[in-house]
Novice: 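Attaching a single structure in structure tokens format; questions to follow.
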6 protein chains.
Amino acid sequence: MTNSPSASTSARPHDALREVQIECGYLESNPASVLYRSGKTIVLCTASVETKVPPWMAGRGKGWVTAEYNMLPGSTSPRKRRDRSGKVDGRTTEIQRLIGRSLRAVVDLEALGERSITVDCDVLQADGGTRTASITGGFIALSLAVEQLASTPLLDPPIVVADVLPRSVAAVSVGVVHGKIVSDLDYQLDSAADVDMNVVMTGDGRFIEIQGTGEEATFDDEQLAGMLAVAKKGIRELTQKQSQAIGSRKPSSVD
Amino acid sequence: MTNSPSASTSARPHDALREVQIECGYLESNPASVLYRSGKTIVLCTASVETKVPPWMAGRGKGWVTAEYNMLPGSTSPRKRRDRSGKVDGRTTEIQRLIGRSLRAVVDLEALGERSITVDCDVLQADGGTRTASITGGFIALSLAVEQLASTPLLDPPIVVADVLPRSVAAVSVGVVHGKIVSDLDYQLDSAADVDMNVVMTGDGRFIEIQGTGEEATFDDEQLAGMLAVAKKGIRELTQKQSQAIGSRKPSSVD
Amino acid sequence: MTNSPSASTSARPHDALREVQIECGYLESNPASVLYRSGKTIVLCTASVETKVPPWMAGRGKGWVTAEYNMLPGSTSPRKRRDRSGKVDGRTTEIQRLIGRSLRAVVDLEALGERSITVDCDVLQADGGTRTASITGGFIALSLAVEQLASTPLLDPPIVVADVLPRSVAAVSVGVVHGKIVSDLDYQLDSAADVDMNVVMTGDGRFIEIQGTGEEATFDDEQLAGMLAVAKKGIRELTQKQSQAIGSRKPSSVD
Amino acid sequence: MTNSPSASTSARPHDALREVQIECGYLESNPASVLYRSGKTIVLCTASVETKVPPWMAGRGKGWVTAEYNMLPGSTSPRKRRDRSGKVDGRTTEIQRLIGRSLRAVVDLEALGERSITVDCDVLQADGGTRTASITGGFIALSLAVEQLASTPLLDPPIVVADVLPRSVAAVSVGVVHGKIVSDLDYQLDSAADVDMNVVMTGDGRFIEIQGTGEEATFDDEQLAGMLAVAKKGIRELTQKQSQAIGSRKPSSVD
Amino acid sequence: MTNSPSASTSARPHDALREVQIECGYLESNPASVLYRSGKTIVLCTASVETKVPPWMAGRGKGWVTAEYNMLPGSTSPRKRRDRSGKVDGRTTEIQRLIGRSLRAVVDLEALGERSITVDCDVLQADGGTRTASITGGFIALSLAVEQLASTPLLDPPIVVADVLPRSVAAVSVGVVHGKIVSDLDYQLDSAADVDMNVVMTGDGRFIEIQGTGEEATFDDEQLAGMLAVAKKGIRELTQKQSQAIGSRKPSSVD
Amino acid sequence: MTNSPSASTSARPHDALREVQIECGYLESNPASVLYRSGKTIVLCTASVETKVPPWMAGRGKGWVTAEYNMLPGSTSPRKRRDRSGKVDGRTTEIQRLIGRSLRAVVDLEALGERSITVDCDVLQADGGTRTASITGGFIALSLAVEQLASTPLLDPPIVVADVLPRSVAAVSVGVVHGKIVSDLDYQLDSAADVDMNVVMTGDGRFIEIQGTGEEATFDDEQLAGMLAVAKKGIRELTQKQSQAIGSRKPSSVD
């Protein structure tokens, strides 16, 4: 994926995140909408609830959570072509499957009941880390949707937010760039990275997913340990920001 | 197309537009990006320049301008499904063809030279009038792209903004609602309308496109005249707002 | 759309239609089949009735009318490629949506009951005006289908033709060619036109749809008025021809 | 494939063809257009010439002939759905491959030079035998196209009709119905047939293609011989009718 | 279809088959799996049973048998591209329809009851005759599936193998190569053949399907008779090999 | 993904691999074909060389290696549907991208020159671990293809096997099942696993890719360390088996 922004990122310490801005309720028509910014990366995350589940899940008393990811044409330079040919490209498919798995890992689907929540992550501007921003921001949209659902009068069956979302999830990308461990890769760093690893963790510090790749390079045990360390640090910070954004409504276990 | 916002719109005079907000350069990575709001409708318009034209136009010394339109899943309630099946729905196809024709009507393709400009109109929140907002906002993005192109050092061949864009274009939807002529239909009004007409005009008051439809109703000469009158009034106002937004860089004929 | 016939059309007065020939019951196997000729343009219109409606309309006691439009490969020169890639081209989509809307505007869907009628418009030879010929000829096929349905013994529930089709619809294309208003554009005129407008009206003189476009030109109020005047004249003539073709079976309001 | 016409066909002798009507130059815009009727089956065959060949054949000094087959929605009852999903159904694919092979068997592709001819066979009304009607009628359209090409002034390189088309081709369907050999199956007979065989032969009596099928039945040597005998008789008659239709322009070897 | 193996096949008598090897139960997980080799052609045939039929057949007390055919990319040289574009190529469609028809011709669908059997024929290595190998090998897989089904404890309704499969089916390709009749064409012979004919017959000597084609050649009565004679001889031998492979479990009529 | 084999796997020690069988040159027509078995999982890996690269890589003097993965319909029970709808499912896309990246990580694309190698991994029988079997077996097919290419007389430009493939690659899946670390998950174990991790490493012990996932569970540092330990042990064993299979032709660094 080509892109352009990100000028002088060298000032940032190797284990520091980019600045994060979170705007909850960005769209008037959908309270479960979040404009999530990490540096120059901007993702609009919206969560939509349906009162049914996919046919293959029906009648089991469980809900479903899924995600869709998309980059707007103007989010990159040169312009990204739309996926309208009937073939969603492989990268997009992989990313939205990752987002969906990551969110489901912190949802108790039985507690949700037979309802579906779709979390849409549309990238308005891409400067690296769009998949991890989608997970971190998508969790906020999901939380807002669950809270709104829980507060629906006469909801049948009722739900308890802390039961549906017993824990939180956040993600960060880390890597090895010119031999050094670096946290939260922007586009420029990502292009220069020998190894790229996406780490998804719960707010209480357990792994949900680790995806480490060296397309034209390899890595050893020491580098693996170094990347995991900065990833954990970043995820602790992101968990705190999520908690603040969701405010008093946050699931108790995120504390 | 279903949707939800728009509560008490009855306060607005029948020939008044909704409030318009225009944010130029919304994306840091693309100066030709515009966040266009008309009431609760929000469209992100970005223009991307390529230094070649489609194969069927090559070698004729002319440029090309095209448009793509898309509604984000979270822009409506219930959620709108993505066009990923390989079949762009008929409504989307019609709208983006309309946007493209409307923009081309004010571009001198010879003066542009063998370059393509794609104007992407992505609807973040839909509350009626998304196609006319896309034309009005899309023209601003197009203007910004042409200005940026014109200011490229050593551009070969060079271009003159006023030659490429000798006039401006804006659009408004009007209709007949409960027997009364109404300007700038939001979703609630549009749902109640017997007749819906989209009018596209140049900044100097000539028609580019008129599309009037009564799916389960018809209209007469008097109603046609009434709709065209409020449309012209609205377009004069929009032309002024476009001119202010583009600022000192605006094409001279928009004055 | 490229094409070829139409030699010396200059003899025709600017507000006169081309010669129209209507052959009802063209196919032995389907009484609701019409071979409609307007000059060299030939469209085969057939209407097919089904005793059910699309899923999204079921159970509401209303019927549905839809249309499909297609140009045969041999209808143009050079040969037109078939729409077999899974992508119906934008122009085709727009045209068949217009035909469908235009026909539905004169049908009382409640009076039709839960039945669907599909009107297929297949262009055998294209010499301009294929969409307006499809509407005008398609209405005849639709009328024949409704009459045949009404005469079905023991039909349950029964229908009354004049209730289902309280009025008729016809369409004509008009335009501005070399600065002059011209009616019923053939291919040669259409190629030379600065402005092209399709007008769809009921037999009793009300507008259903107006679509006026100037792709690389614009038009003013006076030209609009001139085009509407010749369109009305043409539609009065077409309404009469439809009425004669349908014969004694015609809906009363067409008189 | 379902269908309806064909009432009292029992009067026809078992080895007699249905009545054939051939209208050459049916479309004014394309002299190589033929309306071919065999009983109630109606096929519009048009041949279109292009002055290039598919990429995989380029530069070999040979031409190409291909065919496309399609049934119009109104050609059957109930209405046949269009092939617009991107999946041409298997039956259609098989038929158009058969038509293409059959026509190529009588064309000298070297003598044609680097040109392509596409023969479109569009079924307006289907009452059995549409594929054999398409071959027999398609050959006439092909002949007319070759003659028109040959008579093009200053054609480079020139062609000689009798070199390009040294022989003719025609086809007939035969079968076993209630234990009896029957020629030229209409829809009613085809539905009742235990065995169905399509035979394609040259005008001078050699086999091009034999396709005999017993989906839920089988056949023996004697039945095979009987079917081939009536097929040969039918093809002799069709060859004569083709020759008359093409008139003085027919290739010499068809005599 | 391009391919490569098959060196010195000239040693084989013109009416002799290539060596056949049949490995039943090739896959541990599916007893109805057969690795079928004819010379260098290798086809993996597996039959899968479902306890329902397609929607259009439901409720009629009959079963269904269908086939799918596919060539693996590595089965030919140059590599064959996968059919992943949504368009199964015409040749593949034709072949799998032929296999399905041929198998159904020997199945009593009423005796099978409302169950579906899909026979998958995946070509691991292609050296000519893949469609006839698929039919011959596919019948064995089908037989094994029916026998396994019949032996299912408490099957409701029960089935009798000899009722479901009252006869067997096998197929062979024959042709005219350099003017001589040849049996069981490998790739090299097939490429050189003027005429290619696939013959499908029951084990008791009746025709199910004959498909004879001369793409750039024709054939006469004598050649037809010659091809049918060697085809019958080959099918007798294949029927015997099938019978041995299926062993004591073979349907009685295959004797 | 559903499946069935694998009965009593409990006998195997938790850190032991299943039995591996490797058959090089399985297809006579392609020396670079490998039938790879790991327990009941069977994958046919074939590598095909083309003397050009994809358009977007042309002219850079580098080669390309890509992979395709597919499960045959009969490889699972119930039968797996073919990917013929034009939509390759997300799991398949992810797997073949992983295989491609893993193979490219050990290839020097400059040393390969402007040539493409496609490694096809077709799963004949699936009992868990198909993606890791595809990588391990795919590397063998790739090695055989490179060796064959290197031995082509007069190859221009020539290549040196050890330059093109300076190291080897193998993969294994490990997991946490009922709280215990387990190596080389078969289908039964995989279904019961809380955490599933695929590890891809070079023959000399460096990581290429780590993909650890807990869809409805999470894991901690200790479990991560445990899984990596058994993965390394397994990869050492697989590297040895690859080396033996490739024989004296193996790249030197695999020693």
Novice: Among all residues two or more places apart in sequence or in another chain, which pass the side-chain contact (heavy atoms from CB on, under 4.5 Å) test with T132(B)?
Specialist: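 Residues passing side-chain contact (heavy atoms from CB on, under 4.5 Å) with T132(B): A171(B), S173(B), N198(B).
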
Novice: Does any backbone or side-chain atom of L27(A) lie under 4.5 Å from a heavy atom of chain B? Answer side chain, backbone, both or neither.
Specialist: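 Both the backbone and the side chain of L27(A) come within 4.5 Å of chain B.
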
Novice: Please examine the side chains of K62(A) and L112(A), heavy atoms only from C-beta on, and report whether any two atoms are closer than 4.5 Å.
Specialist: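 No, their side chains stay 4.5 Å or more apart.
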
Novice: Less than 4.5 Å to any heavy atom of chain B: does that hold for the side chain of R37(A), its backbone, both, or neither?
Specialist: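 Answer is side chain: those atoms of R37(A) sit under 4.5 Å from chain B.
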
Novice: Quick check on the interface: out of P73(B), A47(B), S48(B), G74(B), who has the most heavy-atom pairs with chain A under 4.5 Å?
Specialist: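 With the most close heavy-atom pairs to chain A, the winner is P73(B).
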
Novice: Are D120(A) and K80(B) close enough for a salt bridge, meaning some N to O gap below 4.0 Å?
Specialist: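 No, no charged N to carboxylate O under 4.0 Å.
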
Novice: Contact part of L124(A) toward chain B, heavy-atom cut-off under 4.5 Å: side chain, backbone, both or neither?
Specialist: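 The answer is both parts of L124(A).
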
Novice: For E50(B) and S116(B), does a side-chain donor sit closer than 3.5 Å to a side-chain acceptor?
Specialist: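 No, no side-chain donor-acceptor pair sits under 3.5 Å.
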
